[in-house]
Structures are given as structure tokens and as C-alpha cells.
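From a predicted model like this one, the values you see are computed outputs, not experimental measurements.
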Amino acid sequence: VKVVLTPAEPGPRTGQLTVAEDLFGGTSVTSPLLGQGGDPAVFPSYSGLDFPATAVGDTSIELSSDIENIGFGPTRIVRFEVTGDHPEDFVVVANSCAAPVNPTSKCSFDVAFVPTEAGHRTATVSAYTEFGQYTSVLVNGDGFRDAELEAATDEVRAGDALGLGGAGFRPFTDVTISWADGRGESITVRTTAQGGFLALLPTRMNETVGDRTLVAQSGDQLARAEVRVLPNPRVAQRSRQD
């Protein structure tokens with residue numbers, strides 16, 4: 001059911017909407033209607049909030065906007081609503097608008113950006129008064145994926161498997177892990193819904209020893225980890241026997 005307010009005079013207006021079954025003894029439900037005639041009652045200090053680029057899953061710094069009461073009587077903000085293209089990426093984390101706001105006075109609210117995906121993200125944050133008046137602030141920011149690769153240990157003995165973990169990659173995509181110098185084994189793993197993975201990278205008995213770099217790559221995403229490969233004693237002993 002959609003209801004439109006067409007006030008005949010300024011000031012608060014109230015009513016109620018009842019929906020009933022067209023049956024003898026049928027049930028019904030009633031909802032109060034609140035509104036106000038006249039000029040808008042609230043106005044934001046900023047028409048938009050621009051957030052800094054933030055990694056997917058991280059929380060940005062909080063940005064604030066004031067709401068000024070431009071009406072002729074006290075008003076109170078009773079709720080905030082986030083709508084638009086990406087409402088799940090923006091959160092109202094705090095506000096000082098619970099108490100009545102007198103004419104020409106202000107309250108404020110804080111918004112945080114928590115991108116759920118890379119790219120440009122937008123939404124609208126609306127503040128509603130107890131009489132249904134509202135004002136809106138556009139919010140936007142860019143999300144990015146910060147790919148990471150981490151080895152379970154800084155050293156691995158040639159011939160042993162090396163545990164690896166990745167994060168910040170795109171969900172459900174293939175990631176190729178290999179040595180930066182092109183020597184040794186390479187593997188391909190698939191990321192989870194959160195863009196992470198766990199994997200075991202085998203190394204050869206005669207693996208090139210020393211400080212080396214592992215690379216995890218998926219499309220334009222790249223992450224590195226530094227690992228020291230230690231010689232395998234059995235290979236060294238066999239070489240001495242030969």
C-alpha cells in the first residue's frame with residue numbers, strides 16, 4: 001500500500017491506515033501515519049561524502065555530516081536508511097541525532113566505507129524525522145583488492161612441501177604460484193568466496209638453494225613472498241660420495 005501526503009496547511013499531520021478483510025469477522029491491521037506540511041525541516045551540511053580508496057573487507061576512516069534543523073520547531077531524527085547501488089558497502093556507525101534538535105541547531109552522523117567488491121561504490125544515506133521528513137547525503141568510494149601471499153615459514157628444506165596462504169584475490173578465480181626465477185615446481189589453486197586460499201607447494205630434492213621469491217598471480221593481481229631454500233643433507237651426502 002502506498003500513501004501520499006497532500007497537506008492542506010503547515011504543521012504536523014497524523015492519521016491511520018487500516019487494511020481489513022472483506023469478510024464477516026475478518027481480521028484487520030492498522031498503522032499510524034505521520035507527516036508534516038510546510039517547508040523541509042532538515043538540511044545536510046554536505047551533499048556528498050567522498051571516501052578514500054579502501055581494500056575490500058577493510059573499514060575506512062569515518063566521515064561526518066551535520067544535519068541542521070531549518071524548520072520552525074524542534075524535530076528529532078528517528079532513523080537512518082542506506083539505499084542506492086551498493087547499500088551494503090556503507091554503514092552509519094554513530095550519530096548524535098537521537099535527542100530533539102531545535103531550530104537552527106545541528107546534530108551529526110558518521111559513516112564508514114566497508115567495500116564488499118572492487119570498483120566504484122555508491123549509495124545514499126537518508127535521515128528521517130519523526131514526521132516523515134528526510135534529507136539525503138550521497139556517499140561514494142573506490143574499493144580495491146590488495147592481494148597478499150604468505151609462507152608458513154621463512155625457510156624450507158629442498159624436497160619438503162611449503163605451506164602457503166593467500167588473501168585479497170578475486171573470489172573463485174585461479175591463482176598460479178611459481179618461483180620468480182622460473183625454476184622449480186609451480187601450482188594453480190582456486191580461491192574461496194572470500195578471495196583466499198591455502199596450498200602446499202612441493203619442492204624438488206635438488207631445488208635451487210638460497211634466498212628466492214615466490215609469486216602468486218591471477219590476471220592483474222600479483223603478490224610475492226620471500227623464502228630461503230636450504231640444501232637437502234641427503235643430496236649433499238650423495239654428491240660427496242660421487
Asks: Under 3.5 Å, is there a donor-acceptor pair between the Asn140 and Asp50 side chains?
Replies: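 Indeed, the side chains of Asn140 and Asp50 share at least one donor-acceptor pair under 3.5 Å.
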Asks: So how far is it from Leu162 CG to Thr153 OG1, rounded to the nearest 0.5 Å?
Replies: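 Answer rounded to 0.5 Å: 7.5 Å.
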Asks: Closer than 4.0 angstrom, basic N to acidic O: yes or no for Arg212 and Glu207?
Replies: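 Salt bridge: yes.
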Asks: Between Glu81 and Arg79, does any side-chain N to carboxylate O distance fall below 4.0 Å?
Replies: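 Yes, this pair counts.
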Asks: What about Leu63 and Tyr46, same hydrophobic cluster or not, with Ile/Leu/Val/Met/Phe/Trp/Tyr joined at side-chain heavy-atom distances under 4.5 Å?
Replies: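 Yes, same cluster.
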Asks: Do Val3 and Val19 share a hydrophobic cluster (ILVMFWY, side-chain heavy atoms under 4.5 Å, transitive)?
Replies: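 Hydrophobic grouping puts Val3 with Val19.
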Asks: Could you give the distance from CG (Asp89) to OG (Ser60), rounded to the nearest 0.5 Å?
Replies: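 The distance works out to 10.5 Å.
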Asks: Checking Ser136 against Ser126: is there a side-chain donor and acceptor pair closer than 3.5 Å?
Replies: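 Present: a donor and an acceptor within the cut-off.
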Asks: Over all heavy atoms of both residues, which pair between Ala223 and Leu149 is shortest? Give the atoms and the distance, please.
Replies: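 That closest heavy-atom pairing would be CB-N, 3.6 Å.
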Asks: Quick check: closest heavy atoms across Pro115 and Thr54, and the distance to 0.1 Å?
Replies: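 What the structure gives for the nearest pair is CG-O, 3.5 Å.
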Asks: Could you pull out all residues at least two apart from Arg204 that satisfy salt bridge (Lys or Arg N to Asp or Glu O under 4.0 Å)?
Replies: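 Arg204: no salt bridge (Lys or Arg N to Asp or Glu O under 4.0 Å) contacts found.
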Asks: Decide yes or no for Phe172 and Arg190: does some side-chain heavy atom of the first lie under 4.5 Å from some side-chain heavy atom of the second?
Replies: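 Of all side-chain heavy-atom pairs linking Arg190 with Phe172, at least one is under 4.5 Å.
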Asks: Taking only residues two or more places apart in sequence, or in another chain, which ones meet Phe90 in a ring pair (Phe, Tyr, Trp, His ring centres under 6.0 Å)?
Replies: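 Applying ring pair (Phe, Tyr, Trp, His ring centres under 6.0 Å) to Phe90 gives Phe51, Phe113.
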Asks: Given the rule in the side-chain hydrogen bond (donor to acceptor under 3.5 Å, both in side chains) test, do Thr176 and Gln217 qualify, once you have shown the distances and angles that lead to the verdict?
Replies: CA-CA 5 Å; Thr176 300; Gln217 186 167 9; over 6 Å; no
Asks: Which heavy atom of Cys107 sits nearest to which heavy atom of Ile77, and what is that distance?
Replies: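 Cys107 and Ile77 have their closest heavy atoms at SG-CG1, 4.3 Å.
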Asks: If you compare all heavy atoms of Val42 against all heavy atoms of Ile70, which two are closest, and at what distance to 0.1 Å?
Replies: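 Residues Val42 and Ile70, closest heavy atoms: N-CG1, 3.9 Å.
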Asks: What pair of heavy atoms forms the shortest contact from Gly159 to Thr203, and how long is it?
Replies: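 Heavy-atom minimum between the residues: N-OG1, 2.9 Å.
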Asks: How long is the straight-line distance from NZ of Lys106 back to OG of Ser45, given to the nearest 0.5 Å?
Replies: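 Those atoms lie 6.5 Å apart.
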Asks: Which distance, rounded to the nearest 0.5 Å, do you find between the CZ of Phe131 and the CZ of Arg76?
Replies: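 Atom-to-atom, Phe131:CZ and Arg76:CZ are 9.0 Å apart.
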Asks: Would you call Arg121 and Glu88 a salt bridge, using N to O less than 4.0 angstrom?
Replies: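 The answer is yes: the pair qualifies as a salt bridge.
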Asks: Show, in sequence, the C-alpha distance, side-chain angles and deciding distance for Val92 and Val125, and conclude whether the side chain to side chain contact (heavy atoms under 4.5 Å, CB included) test is met.
Replies: CA-CA 8 Å; Val92 177; Val125 179; 3.8 Å; yes
Asks: Can you get from Leu200 to Val189 by hopping between Ile, Leu, Val, Met, Phe, Trp and Tyr side chains that sit under 4.5 Å apart?
Replies: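 No; Val189 is not reachable from Leu200 via cluster members.
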Asks: Are Asp220 and Arg170 side-chain neighbours, meaning at least one heavy-atom pair lies under 4.5 Å?
Replies: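 In contact.
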Asks: Are there over 12 heavy-atom neighbours, none belonging to Arg183, within less than 6.0 Å of that residue's CZ?
Replies: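 No.
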Asks: With distance as the sole criterion, is a donor-acceptor pair present between the side chains of Thr213 and Glu226 under 3.5 Å?
Replies: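 Short answer, yes.
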Asks: With clusters defined by side-chain heavy atoms of hydrophobic residues (ILVMFWY) lying less than 4.5 Å apart, directly or transitively, does Val29 cluster with Leu17?
Replies: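 Looking at the clustering, Val29 is in the same group as Leu17.
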Asks: Would you kindly confirm whether Trp179 and Ile187 end up in one hydrophobic cluster when ILVMFWY residues are joined by side chain heavy atoms under 4.5 Å apart?
Replies: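 In one cluster with Trp179: Ile187, yes.
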Asks: Roughly how far, to the nearest 0.5 Å, is the CG atom of Asn95 from the CD1 atom of Ile67?
Replies: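 Answer for the CD1-CG pair, Ile67 versus Asn95, is 8.0 Å.
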Asks: Over all heavy atoms of both residues, which pair between Arg157 and Pro231 is shortest? Give the atoms and the distance, please.
Replies: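 Looking at all heavy atoms of both residues, the shortest contact is CG-O, 3.7 Å.
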Asks: Exactly one of Tyr128, Phe109, Tyr134 should register a side chain to side chain contact (heavy atoms under 4.5 Å, CB included) with Phe80. Which one does?
Replies: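 Only match with Phe80 under side chain to side chain contact (heavy atoms under 4.5 Å, CB included): Phe109.
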Asks: Is there a side chain to side chain contact (heavy atoms under 4.5 Å, CB included) between Thr116 and Val56 once you walk through the steps?
Replies: CA-CA 5 Å; Thr116 59; Val56 173; 5.6 Å; no
Asks: Listed by chain and number, what are the salt bridge (Lys or Arg N to Asp or Glu O under 4.0 Å) partners of Arg228, not counting sequence neighbours?
Replies: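 Expected list: Asp211.
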Asks: Any chance the side chains of Thr75 and Asn69 put a donor and an acceptor closer than 3.5 Å?
Replies: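 The answer is no; no qualifying pair exists.
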Asks: Measure the spacing between CG of Leu164 and CD1 of Ile177 and express it to the nearest 0.5 Å.
Replies: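 Reported value, rounded in 0.5 Å steps: 5.0 Å.
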Asks: Could you walk me through whether Thr191 and Val175 pass the side chain to side chain contact (heavy atoms under 4.5 Å, CB included) check?
Replies: CA-CA 7 Å; Thr191 60; Val175 178; 3.7 Å; yes
Asks: Side chains of Gln16 and Thr30: any donor to acceptor distance under 3.5 Å?
Replies: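 No pair is found: no donor N or O on one side chain lies under 3.5 Å from an acceptor on the other.
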